[in-house]
Protein chains: 2
Amino acid sequence: MNLATTIHMLQGRGFRMTTVRRFLLQTFKDTKAPLSANDLIGILKKAHLECNRTTVYRELTFLVEQTLLRAVDFGDGAKRYELAGGEHHHHFICSNCKAVSDVNLKNDLEQQERILEKILGATIESHSLEFFGICKNCGTK
Amino acid sequence: MNLATTIHMLQGRGFRMTTVRRFLLQTFKDTKAPLSANDLIGILKKAHLECNRTTVYRELTFLVEQTLLRAVDFGDGAKRYELAGGEHHHHFICSNCKAVSDVNLKNDLEQQERILEKILGATIESHSLEFFGICKNCGTK
DNA sequence: GTACGTGCAAACAGTTTGCATCATG
DNA sequence: CATGATGCAAACTGTTTGCACGTAC
């Protein structure tokens, strides 16, 4: 979604496009890896666009509610976020340097989910799949 | 692994089998779902075997180091643990009642991992796959 | 009697909340 | 000028650490 469309959508729902909000969305657009609140606070600081961490947390919650972001969890205690709307994918995280690569699995887990739903009698809404290991860079050193 | 073998293994490494340690291992053996430090503190309390939460955290770290437990992450901010050594499996977590079911996928992700390793030039050591949704119980209410 | 095990207090990281204030459509 | 956005302080949760004391091989 481009910026103008996003602004229009938010205004339609009674919300505003603030400097921080615009900057955060742009940052997510420019960054491939999922970002934590801490990451963003650092990026904001570097851009001399300092704002309170409370604002960052609130902004992240807000953008998830507006389905502009989605939460991603690498199990290291910090919540991470990435732009929603892109192709569904998974991640490979280097245990050493923490670099993140997007992973597009050939076989679809969707099919597995349908089978699981039958077995469990449940409704599966989402799944989270991350791979951990040593990336090319760290492995060849 | 049975208790006697575990005790022998630990003693061989210079460690002891304490009351809390034995109780925790037994609890994990008796429980199907992964348990958090908080869960365990509650269970200990009910068993009138109260001990400091620091001990619980240290015990969990220790048991993971000794490869008797493995960590599991549901992305809700609390680390969970389950007995290691069992068959590799995944989980289905009900978003409503938080009940956990073990999931044994038919197709192996191992094969996917080999392909991924080639693509990324990386070494994949592990993956984490959890499904989220509404369980049978909660769905039919 | 030398490690291991434990308890307690304190620190720590990540996050949330209440309240007052600011500022934009 | 009403409501959304922000800042600040404080609380809160999950977890870790330092230190002293206890205790089992």
Side-chain angles (χ1 to χ4, degrees), chain A residues 3-4 6-27 34-45 47-66 68-81 98, chain B residues 3-4 6-25 34-45 47-66 68-81 98:
Chain A
L3 189 59
T6 303
I7 294 176
H8 190 256
M9 182 270 272
L10 287 179
Q11 284 184 338
R13 299 180 188 173
F15 302 109
R16 305 165 191 171
M17 178 53 71
T18 64
T19 313
V20 173
R21 187 162 292 168
R22 180 184 291 107
F23 182 86
L24 289 182
L25 285 171
Q26 190 56 48
T27 302
L35 299 169
S36 66
N38 244 334
D39 294 338
L40 292 165
I41 291 167
I43 294 172
L44 282 159
K45 191 169 288 186
H48 302 287
L49 217 160
E50 216 142 336
C51 81
N52 195 277
R53 64 208 158 119
T54 305
T55 304
V56 175
Y57 283 109
R58 274 197 281 235
E59 205 50 49
L60 289 170
T61 307
F62 172 81
L63 292 172
V64 169
E65 279 165 9
Q66 301 305 312
L68 290 169
L69 294 185
R70 97 164 53 90
V72 176
D73 202 288
F74 293 169
D76 67 344
K79 289 177 195 162
R80 284 153 207 284
Y81 302 86
K98 312 299 175 196
Chain B
L3 189 59
T6 304
I7 294 175
H8 191 255
M9 182 269 273
L10 286 179
Q11 285 183 337
R13 298 180 189 173
F15 301 110
R16 305 166 192 168
M17 179 53 70
T18 64
T19 313
V20 173
R21 189 164 292 167
R22 180 183 294 107
F23 182 86
L24 290 181
L25 285 172
L35 299 169
S36 67
N38 244 335
D39 293 338
L40 292 166
I41 290 167
I43 294 172
L44 281 160
K45 191 169 287 184
H48 303 287
L49 218 160
E50 215 144 336
C51 83
N52 196 277
R53 65 205 157 126
T54 306
T55 304
V56 175
Y57 283 110
R58 276 199 280 237
E59 206 51 50
L60 290 170
T61 308
F62 172 82
L63 293 173
V64 169
E65 279 165 9
Q66 301 303 313
L68 290 168
L69 294 185
R70 95 166 56 89
V72 176
D73 203 288
F74 294 168
D76 66 345
K79 290 177 194 161
R80 283 154 208 283
Y81 302 86
K98 312 299 175 195

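Each chain gets a letter, A, B and so on, in the order its sequence line appears, and its residues count up from 1.
- Straight-line distance from the OH atom of A:Tyr57 to the P atom of C:dA13: 11 Å, rounded to whole Å.
- Spacing between atom CZ of B:Arg53 and atom P of C:dA10 amounts to 12 Å, rounded to whole angstrom units.
- Chain B approaches DNA chain D within less than 4.0 angstrom (heavy atoms of the protein), and the contacting nucleotides run 5' to 3' from D:dG14 to D:dA24.
- If you take CZ of A:Arg80 and C1' of C:dG14, they are 12 Å apart, rounded to a whole angstrom.
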Take B:Phe62 and B:Gln66 through the side-chain contact (heavy atoms from CB on, under 4.5 Å) test and state the conclusion after the steps.
CA-CA 6 Å; B:Phe62 172 82; B:Gln66 301 303 313; 3.6 Å; yes

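- A distance of 10.0 Å separates CG of B:Leu60 from NZ of B:Lys79, quoted to the nearest 0.5 Å.
- The salt bridge (charged side-chain N to carboxylate O under 4.0 Å, His left out) pairs that include a residue from residues 6-17 of chain B number zero, where partners must be two or more places apart or lie in different chains.
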Taking only N/O atoms, report every protein-nucleotides 2-6 of chain C pair under 3.5 Å with atom names and distance.
from  : atom 1 : to      : atom 2 : distance (Å)
C:dA3 : N3     : B:Arg16 : NH2    : 3.2
C:dC4 : O4'    : B:Arg16 : NH2    : 3.4
C:dC4 : O2     : B:Arg16 : NH1    : 3.2
C:dG5 : OP1    : B:Arg16 : N      : 3.2
C:dG5 : OP1    : B:Arg21 : NH1    : 2.5
C:dG5 : OP1    : B:Arg21 : NH2    : 3.2
C:dT6 : OP1    : B:Thr18 : OG1    : 3.4

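- Residues B:Leu10 and B:Arg21 are in side-chain contact: their nearest non-hydrogen atoms beyond the backbone lie under 4.5 Å apart.
- When atom types are taken as modelled, the side chain of A:Thr27 and the backbone of A:Phe23 share a donor-acceptor pair closer than 3.5 angstrom.
- In this structure, the separation between CG on A:Leu35 and OH on A:Tyr81 is 11.5 Å, given to the nearest 0.5 Å.
- Toward the 5' end of DNA chain D, the nearer of the two residues B:Asp76 and B:Gln11, judged by each one's closest nucleotide, is B:Asp76.
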Does the side-chain hydrogen bond (donor to acceptor under 3.5 Å, both in side chains) test come out yes or no for B:Ser36 and B:Asp39, once each step is laid out?
CA-CA 5 Å; B:Ser36 67; B:Asp39 293 338; 3.1 Å; yes

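- The 12-atom threshold is exceeded at CZ of B:Arg22, counting heavy atoms of other residues, nucleotides or ligands nearer than 6.0 Å.
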